[in-house]
Each structure stands twice: as C-alpha cells, then as structure tokens.
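So the structure is just underneath, and the comments pick up after that.
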Amino acid sequence: MILSIESSCDDSSIAITRIKDSALLYHKKLSQESQHSQYGGVVPELASRLHTEFLPLVLQDAKAFLGDFSGLKAIAVTTEPGLSVSLIEGLMMAKTLCLGLQIPIITINHLIGHFYSLFINQHQCTFPMSVLLVSGGHTQIIEAISPTCFKIIAKSMDDSFGECFDKVAKMLNLGYPGGPIIEQYAKAYHNSATYTQSLDKDSEKTLAPLPLPLKHDKTISFSFSGLKNATRLMIQNQLDSQSLNDELRAYICASFQQAAIEHICDKTHRYFKTTQIKNFAIVGGASANEALRTAIQQICDTYHAKLFLAPLEFCQDNAAMIGRAGVEEFKAGHFSDIFECDISPKTTSKYFD
Ligand code: KG4
Ligand code: ZN
C-alpha cells in the first residue's frame with residue numbers, strides 16, 4: 001500500500017491506496033474552509049498552522065484504520081505547485097514517515113494528481129487524453145500524452161476560473177469557497193419564476209450582459225480578470241438602484257456563471273478544431289460545476305469525443321488522487337531522494353513538456 005498526503009492549499013488529506021489494483025482503501029480530509037471563509041479566501045499562514053494541527057489528526061485516524069504501518073511500501077506527497085507554507089507541512093510529514101519506516105518517498109505534481117482523480121476506483125488509465133483543468137489556482141488545457149509526458153496547451157493569462165468564482169462570491173458577501181455557492185444561487189435563479197416567465201415572454205433580457213473574454217483573440221488562452229471587473233461594476237450599478245438581496249445575488253451569480261462558462265466553451269471549441277483528440281476530461285475543484293459539465297459534454301458530443309469526469313468527491317483537492325498518481329510512479333520505479341527533494345510553489349516537474 002501507498003500512503004499519500006495532500007496539503008498544497010487548505011485541505012489536510014491522507015489516503016491509502018493498494019498498489020496491485022489501485023483500489024482506494026482509505027481517504028480522509030479535514031478541510032479548513034470554515035476557518036478561511038471569514039477572510040473570503042485562503043490565508044497562507046493560517047493554512048500552514050492548521051495543517052500542523054490537522055495532518056497529525058488524520059494520520060492518527062489512518063493508523064487506527066490500518067492497525068500499523070508495516071504494510072506501507074512508499075509515501076506519496078504533493079510537492080508542487082501550491083502554497084509553500086502549506087506544501088512544506090505535508091512534505092515534512094512524508095519525510096518523517098519515510099525515515100521512520102525506511103520506505104521511499106514519491107513526490108507528486110498536484111496538477112498530475114488532479115489528472116489521476118479520473119482513475120480513482122473507475123476507468124482504466126487512458127492516454128492520450130486532453131484535460132481541462134479548472135481549479136482555484138489553474139485554468140489550463142493539458143494534453144496527457146503518456147504517464148510521463150504532459151503538455152500545457154492553454155492557460156489563463158491572469159485569474160483562474162475557480163478563483164474568479166471565489167472573488168465574485170466575496171463581492172456578494174457569500175463566503176468561501178465561492179464556486180459551490182455561486183452555482184447554487186445560479187441554479188436558484190434558473191428555477192425562479194422571474195427567469196422562467198421572462199423566457200416565456202422572450203422579450204426581456206434574462207441575464208445581465210457581460211463581456212465574453214478574449215472574444216476576438218484567435219489563440220487558445222483564458223482570461224478572467226476582465227470578467228471579474230465587469231461583474232464588480234455590474235454589482236455596483238445594481239446597488240445604485242436596489243439593495244443586495246438574495247434575488248439580486250441569484251441574478252448576478254447566474255449571469256456571471258454563464259459568462260465564465262461561455263468563455264471556457266469558446267476556447268474549448270477552438271481547441272477541438274485544432275485536434276483529432278477523442279478522449280477529453282475535466283478535472284479540478286471547479287469541474288464539479290454541473291453547468292460546466294453539461295456545456296463541455298455538448299462540445300464533446302459535437303466532436304464525437306468521450307468525456308471523462310472524476311467522481312464528485314474527488315474533484316476538489318484530496319489525497320486519493322495523489323495516491324492514485326503515486327501507484328503509477330511506484331510501478332514505474334520513480335522515487336525521489338529523500339534528502340534532496342523539496343517543495344516548489346510552481347511546476348518544475350520533468351513530466352511537463
Ligand atoms: O482543485 P481545488 O480544490 O483547489 C485548487 O487546486 O485550487 O479547486 C478549488 C476551487 C475553488 O476556487 C472553488 O471555488 C472552485 O474550485 N469550485 C467551484 C465549484 N466547486 C469548487 N467552482 C465553480 N463551481 C463549483 N461547483
Ligand atoms: Zn487542486
């Protein structure tokens with residue numbers, strides 16, 4: 001078995017994965033969301049301190065599950081990219097365990113970890129596959145060519161998709177993380193009488209007009225800072241004539257979500273036009289968004305591609321995906337030097353072209 005640790009941001013998570021069939025045996029995560037929520041985003045120092053507190057608790061629970069650690073063959077740990085002060089907590093725990101148990105360490109790139117979330121207790125590993133990664137830190141299209149070759153095809157020039165949801169939620173005093181909350185408000189708006197009636201009449205605008213980012217740009221890049229700013233201005237304009245209530249919030253959330261997804265789809269369409277790829281996936285925390293899943297499914301249908309999705313519980317950061325990636329590394333004999341390996345806030349993995 002491999003014990004894996006994920007602490008790249010604000011989740012303290014540990015998993016145990018069986019090597020021979022990649023089965024996930026144990027997974028636990030202590031999220032710090034409630035502690036960061038009052039600040040409208042992750043506070044790095046607080047995240048670091050909470051990892052120091054939470055990781056040992058989860059490890060104790062994992063030990064109680066296994067009885068003892070004698071069956072562990074390696075420790076897999078996220079070492080990049082992420083918040084340095086958070087990554088270091090996981091790496092220190094991993095190194096200590098490896099030294100004590102005399103087993104090797106496997107360092108995992110978090111983005112590759114998200115890719116392997118597709119293969120936790122489902123699907124066979126499939127290559128080549130193109131992957132839309134939408135998280136709090138990244139918005140990218142990555143081509144997974146083989147287990148050791150990943151190519152970044154497109155990325156965001158500024159904010160990420162998930163981060164933009166977090167910022168808009170903060171503008172609306174909705175707490176953190178913003179993605180799931182905005183999605184709920186958007187759903188409420190689409191189910192509301194105001195929306196369905198205006199659809200019937202067909203004359204009224206049902207959503208606020210927001211600019212489609214990089215509309216005339218022919219490259220496959222993403223950008224969310226302009227949309228974020230346009231949403232902020234729209235909120236200000238609305239507040240000139242009315243106070244912020246749940247109805248207005250729902251209208252803003254639905255309008256913003258629609259524009260953000262339209263931008264992702266616009267660029268994904270452009271990407272499909274350049275490739276013959278038949279396997280496509282969405283991973284990362286924001287891949288849980290139902291409206292995004294539906295929109296990307298439609299694009300995949302148009303281009304006759306199969307869409308792969310991770311189980312909902314493994315979209316957000318978790319150690320199960322790190323363990324699943326760790327199994328591939330273990331089988332390939334890819335171990336790191338325990339005294340040399342270190343964390344990095346940015347991707348340095350040799351697997352990225
Ligand atoms: O992958 P993840 O857990 O952490 C990073 O690696 O960044 O992604 C977290 C991000 C947050 O920005 C969160 O707001 C967003 O994913 N997110 C969503 C949804 N659920 C989580 N964004 C849009 N819709 C959702 N349902
Ligand atoms: Zn992540």
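Atoms considered below: every heavy atom in the structure, side chains included; atoms not considered: hydrogens, waters and symmetry mates. Indexing begins at 1, ligand by ligand and atom by atom, following the structure's order.
Contact annotation for His110 and ligand 1: only side-chain heavy atoms (C-beta onward) come within less than 4.0 Å of the ligand. Contacts of His114 with ligand 1, taken as heavy-atom pairs under 4.0 Å, involve the side chain alone.
Of all protein heavy atoms, the one closest to atom 25 (C) of ligand 1 is Gly179 C, 3.6 Å. The protein heavy-atom contact nearest to atom 24 (N) of ligand 1 is Asn289 ND2, 3.0 Å.
Applying the ring pair (Phe, Tyr, Trp, His ring centres under 6.0 Å) rule to Phe54 yields no partners; only residues at least two apart in sequence or on another chain are considered.
Applying the ring pair (Phe, Tyr, Trp, His ring centres under 6.0 Å) test to pairs two or more places apart or on separate chains, those with a residue in residues 56-85 are Tyr26-Phe65.
A donor-acceptor pair under 3.5 Å is formed between the side chain of Ser7 and the backbone N or O of Ser86.
Near Glu183, meaning under 4.0 Å from any of its heavy atoms, are these atoms of ligand 1: 25 (C), 26 (N).
Remark: aromatic rings of Tyr251 and Tyr189 are close, center separation under 6.0 Å.
Residues Glu6 and His110 have side chains that bring a donor and an acceptor to within less than 3.5 angstrom of each other.
Annotation for Ile145: hydrophobic cluster partners, listed by chain and number, are none (ILVMFWY side-chain heavy atoms under 4.5 Å, direct or chained).
For a distance threshold of 2.8 Å, the protein N, O or S atoms nearer than that to the Zn ion (ligand 2), listed by chain and number, are His110 NE2, His114 NE2, Asp317 OD1.
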